[in-house]
Amino acid sequence: MSTRDDALSIRLLGSLGDIDAAQWDALHDGTNPFIAHAFLHGMEIHGCLREDWGWAPHHLTVWDGDALIAAMPAYLKQNSHGEFVFDHAWAHAYAQHGLDYFPKWLAAVPYSPVTGPRLLARSAEHRRVLIAAMAQLCARQKLSSAHVNFHTHDEDSLFDGGQAGGDWLPRIDVQYHWRNLPDADDKRWENFEQFLAAFDHKHRKNIRQERAKVARAGVTFRVVEGGDASADDLATMHRFYLTTFAEYGNHAALTLEFLQHLAREMPRSLVIFLAERDGEAIAGALCLRGGDTLYGRYWGSEVTLPGLHFETCYYQGIDYCLREGLARFEPGAQGEHKLARGFLPSFVHSRHWIVHPGFRDALRPWCRDEAASVRRYAQTLGAHSPFKRGD
């Protein structure tokens with residue numbers, strides 16, 4: 001599908017294979033691995049996205065002649081699976097009124113509740129073109145709504161008024177992120193002991209006890225980056241990943257071929273933490289590395305040991321960030337237990353365009369009330385920080 005806006009043309013593409021990787025990647029600074037052409041196209045060609053799971057690529061692009069000047073990774077969705085911005089109540093309300101909520105249009109990274117750029121362009125003007133085009137094309141395609149999930153804070157104001165069209169409903173939620181905060185001397189933590197020194201006594205003691213239990217069990221860790229990952233390393237991590245999804249009765253979207261693709265095409269981005277005992281891997285955590293951030297995505301284990309989950313998924317990642325000089329660690333969505341381990345509440349954002357004016361008006365106060373509740377919740381969490389007062 002292609003439309004024209006003055007000298008610019010708008011095209012909807014069913015695959016990132018229709019776009020030259022260099023043109024796509026020229027629209028962002030390369031610090032967020034999840035929006036790289038290699039990552040998103042890899043999901044398409046290696047069996048991670050299936051229409052019967054609710055994901056159909058429907059990427060929005062803006063062209064000036066043959067030059068790609070703006071783009072948005074986007075998908076037609078037949079359900080809300082794998083999004084992490086929950087709108088089941090909205091879908092239920094539509095159904096109660098005899099209306100179809102699906103298909104809807106979603107700009108996001110599949111299965112990844114990770115904040116990052118969604119409006120890929122070099123100028124604010126072209127980002128606004130994307131927003132306006134998405135809202136306009138949503139109605140033309142007879143879709144109920146358009147959604148932009150986990151966009152950056154800098155992008156948020158672009159959705160309000162002007163060329164963007166306004167009336168994009170805002171939602172917020174809370175995740176738990178680790179940040180290398182300066183201490184009283186304005187120095188970053190350089191090692192895990194310095195990080196622990198910032199905790200109050202109770203929480204510091206708890207973390208040391210958790211780590212000691214894992215060490216006493218004879219568990220050691222091996223950090224494997226994509227370029228060094230063997231075929232066995234990748235197969236082992238994928239087996240752990242499948243184990244976790246089987247335990248919870250969910251389908252596992254990522255294929256072994258996709259992990260092999262990441263190791264080959266994005267070797268510096270893929271980071272795996274393997275827990276080993278008696279020479280055998282018993283657990284693992286799959287992460288991606290960005291410019292200054294480590295992103296925890298999946299973990300799995302074939303044994304049950306006290307503290308193994310926390311060590312594999314959190315403490316090894318923090319250790320890695322401290323060694324590598326990374327400023328942030330985002331270990332995934334949800335989980336109040338992360339707070340006691342140094343991951344503080346952080347707001348994440350989404351925007352929503354509702355075609356039906358009646359539903360849009362009804363959802364506006366709903367979103368406002370939800371945001372107030374989320375902010376109260378975050379304030380309560382902040383009062384239970386594990387760090388010493390003043391840090």
Side-chain angles (χ1 to χ4, degrees), residues 1-32 34-45 49 51 55-78 102-110 116-152 154-169 350-356 360:
M1 178 178 179
S2 177
T3 64
R4 294 198 63 83
D5 179 10
D6 297 326
L8 304 180
S9 61
I10 310 294
R11 304 176 197 170
L12 299 174
L13 304 179
S15 170
L16 278 186
D18 297 332
I19 301 176
D20 178 70
Q23 280 195 296
W24 178 276
D25 289 334
L27 298 177
H28 61 90
D29 64 10
T31 60
N32 187 294
F34 295 92
I35 57 170
H37 188 279
F39 184 91
L40 293 168
H41 190 220
M43 297 194 83
E44 294 179 8
I45 63 177
L49 303 181
E51 287 196 38
W55 293 90
H58 199 62
H59 306 300
L60 175 61
T61 62
V62 182
W63 301 78
D64 186 354
D66 293 330
L68 179 67
I69 61 170
M72 182 185 292
Y75 305 84
L76 290 180
K77 295 290 276 89
Q78 299 292 342
F102 302 105
K104 64 180 185 179
W105 199 5
L106 171 68
V109 178
R118 297 295 178 261
L119 312 175
L120 309 186
R122 288 300 186 180
S123 73
E125 175 188 0
H126 292 154
R127 294 186 188 101
R128 291 190 180 95
V129 170
L130 284 169
I131 296 170
M134 192 177 203
Q136 293 165 7
L137 291 174
C138 190
R140 293 185 199 176
Q141 297 175 94
K142 302 187 184 306
L143 305 174
S144 72
S145 50
H147 310 261
V148 182
N149 288 358
F150 300 105
H151 59 274
T152 65
D154 291 343
E155 291 173 321
D156 195 54
S157 62
L158 298 173
F159 288 89
D160 294 321
Q163 185 181 2
D167 245 358
W168 282 82
L169 303 178
S350 61
R351 286 284 186 149
H352 309 268
W353 174 265
I354 308 300
V355 172
H356 192 293
R360 192 187 318 156

Residues two or more places apart in sequence or in another chain: which of them pass salt bridge (charged side-chain N to carboxylate O under 4.0 Å, His left out) with D156? R351

Could you list the residues that satisfy side chain to side chain contact (heavy atoms under 4.5 Å, CB included) with L143, not counting sequence neighbours? L76, P103, W105, C138, Q141

Determine, for W168 and R360, whether the Lys NZ or Arg CZ falls below 6.0 Å from the six-membered ring centre while staying within 45 degrees of the axis. no

Hits for ring-ring contact (aromatic ring centres under 6.0 Å, His included) against H352, two or more places apart or cross-chain, chain-then-number order -> W90, H147

Correct closest heavy-atom pair for A146 and M134 would be CB-CG, 3.8 Å

Pairing residues for V109 by the side chain to side chain contact (heavy atoms under 4.5 Å, CB included) criterion, not counting sequence neighbours: F34, I35, F39, L40, S112, R118

Sequence neighbours excluded, which residues qualify as salt bridge (charged side-chain N to carboxylate O under 4.0 Å, His left out) partners of K104? E83, D87

Non-hydrogen atoms of N149 and A108 that approach each other most closely: CB-CB, 4.1 Å

Enter the distance from L120:CG to L60:CG here, rounded to the nearest 0.5 Å. 10.5 Å

Test of understanding: with salt bridge (charged side-chain N to carboxylate O under 4.0 Å, His left out), list the residues that count as partners of R127, not counting sequence neighbours. none

Given side chains that start at C-beta, do those of P117 and E155 come closer than 4.5 Å, heavy atoms only? yes

Give, for atom CD1 of I354 and atom CG of D167, the distance between the pair rounded to the nearest 0.5 Å. 10.0 Å

D29: side chain to side chain donor-acceptor pair (under 3.5 Å) partners, not counting sequence neighbours: T31

Run the numbers on T61 and I10 for side-chain contact (heavy atoms from CB on, under 4.5 Å), then give the verdict. CA-CA 6 Å; T61 62; I10 310 294; over 6 Å; no

Okay, side chain of H37, backbone of I19: is any donor-acceptor separation there less than 3.5 Å? yes

For V355 against S145, the heavy-atom pair lying closest together: CG2-N, 4.3 Å

Correct closest heavy-atom pair for L130 and A71 would be CD1-O, 3.4 Å

Which atom of K77 lies closest to which atom of F102, heavy atoms considered: O-CD2, 3.6 Å

Using the test side chain to side chain contact (heavy atoms under 4.5 Å, CB included), find all partners of P57 that sit at least two apart in sequence or belong to another chain. E44, L49, H59, Y75

Return the minimal non-hydrogen interatomic distance between D18 and G14, and the atom names on each side. OD2-N, 4.2 Å

Rounded distance [0.5 Å steps], CG in D25 versus CG in D20: 9.0 Å

So, using side chain to side chain donor-acceptor pair (under 3.5 Å) as the criterion, who are the partners of W24 when residues are at least two apart? none

Residues which pass side chain to side chain donor-acceptor pair (under 3.5 Å) with R122, listed by chain and number, not counting sequence neighbours: none

Got a sec, which residues hit side chain to side chain donor-acceptor pair (under 3.5 Å) with H126, two or more places apart in sequence or on another chain? S123

Contacts of type side chain to side chain contact (heavy atoms under 4.5 Å, CB included), residue E51, not counting sequence neighbours: A56

Assess whether side-chain contact (heavy atoms from CB on, under 4.5 Å) is satisfied between W55 and L106, documenting all intermediate values. CA-CA 9 Å; W55 293 90; L106 171 68; 3.8 Å; yes

